[in-house]
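Some notes on the structure that comes next.
In listed order, ligands and their atoms are each counted from 1. Note that the numbering runs from 1 along the sequence shown for the chain.
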Amino acid sequence: MGTPHNAAEKGQIAKTVLMPGDPLRAKYIADTYLENVVCFNTVRNMLGYTGTYKGKKISVMGGGMGMPSIGIYSYELYHFYDVDQIIRIGSAGGLQDDVDVMDIVIGMGACTNSNYAEQYEIPGTFAPIPDYGLLEKAVNLAREKGANVKVGNILSSDVFYHDREDFNDRWRRMGVLAIEMEAAALYMNAARAGKKALCILTVSDHLYKEASLGARERETGFHQMMEIALEL
Ligand code: HPA
């Protein structure tokens, strides 16, 4: 069986999938956190693995960069592999003064400048949101771990190198916490499929602050995010 983008057989993928953008990060997560790991996909090097975490079956697969990419992989997981929940774990650029590099940002809503929602022919604007149960649980786990966690709107931008100099300013003045490039498509695919999604981010850089981050700090932020995602 399989799809044009995923070689897995049905049943090889767990009900919960963690989805970093980078496939090598998926490999790293499988190697570091999971036991009994089996690789289920190498098509286009979009590596996917299933293993166990504290005895529970879980999968981790790269989603690539941007909404078209995560749109394909998450659609196939929800519709062709009976996946129930996808948790994106990624990085983002901070927009607000009270967001710092290394903070964890959880996307309570995902704004976008993408045309992805056009396919649904909604007579208005759809607000892409995560599953509330996953959101609540993630926030509680983050607090228990003493993480610096901010919960609010994020922006899934189609453009990384935007031509307009005031592009970020306009999102910043609407209170959007951070910019990434995938969550809105994931949230829309989940909504349309009647499934669950959540996007957890570590702030890797800041668009309004001089922020430099040591390798070790980066790792700490990443591990906190990972533990939250795995325990969901
Ligand atoms: N913009 C978009 N995506 C990102 C950024 C950014 O500044 N930082 C990390 N992912």
Side-chain angles (χ1 to χ4, degrees), residues 18-29 46 60-74 86-117 128-130 138 142 147-189 197-226 228-229:
L18 305 187
M19 185 162 272
D22 179 356
L24 288 179
R25 178 131 288 187
K27 181 179 187 332
Y28 174 83
I29 291 164
M46 198 53 82
V60 55
M61 181 180 182
M65 287 189 287
M67 291 179 51
S69 185
I70 198 170
I72 291 169
Y73 294 110
S74 61
I86 299 175
I87 298 152
R88 162 165 157 69
I89 39 178
S91 63
L95 283 178
Q96 300 295 328
D97 293 340
D98 64 352
V99 169
D100 289 310
V101 170
M102 243 187 72
D103 281 359
I104 290 176
V105 167
I106 304 182
M108 186 166 71
C111 308
T112 188
N113 58 355
S114 134
N115 200 35
Y116 198 83
I129 56 168
N148 291 320
V149 61
K150 305 274 159 40
V151 185
N153 238 339
I154 57 176
L155 168 65
S156 301
S157 177
D158 258 355
V159 183
F160 188 90
Y161 298 107
H162 208 283
D163 200 50
R164 283 184 58 165
E165 277 176 23
D166 63 352
F167 175 76
N168 296 329
D169 299 349
R170 289 166 186 269
W171 292 103
R172 174 174 151 95
R173 73 191 187 192
M174 291 300 284
V176 172
L177 300 177
I179 307 187
E180 53 85 71
M181 304 187 78
E182 294 84 16
L186 175 63
Y187 288 0
M188 284 189 254
N189 276 355
L198 182 67
C199 175
I200 309 177
L201 303 160
T202 50
V203 178
S204 57
D205 49 275
H206 201 290
L207 300 163
Y208 294 86
K209 290 184 194 177
E210 282 296 326
S212 71
L213 189 65
R216 187 173 299 160
E217 288 172 305
R218 260 178 214 274
E219 279 298 294
T220 308
F222 171 73
H223 284 291
Q224 274 183 337
M225 174 177 70
M226 274 315 309
I228 294 164

Sequence-distant partners of [X], side-chain contact (heavy atoms from CB on, under 4.5 Å), two or more places apart:
{"X": "M61", "answer": "N6, V17, M19, F40, N41, M46, Y73, L77"}
{"X": "Q224", "answer": "I104, A147"}
{"X": "N153", "answer": "C111, V176"}

Listing by chain and number, which residues have a heavy atom under 4.0 Å from ligand 1? S91, A92, G93, F160, I179, E180, M181, S204, D205, L207

Does H206 use its side chain to pair, donor to acceptor, with the backbone of V99 at less than 3.5 Å?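 Yes, the answer is positive, given that a donor and an acceptor are paired below the 3.5 Å cut-off.
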
Evaluate the ring planes of H162 and F167, with Trp represented by its six-membered ring, and classify them as parallel (under 30°), tilted (30 to 60°) or perpendicular (over 60°). parallel

Is it true that D97 and R172 have a side-chain N and a carboxylate O under 4.0 angstrom from each other? yes

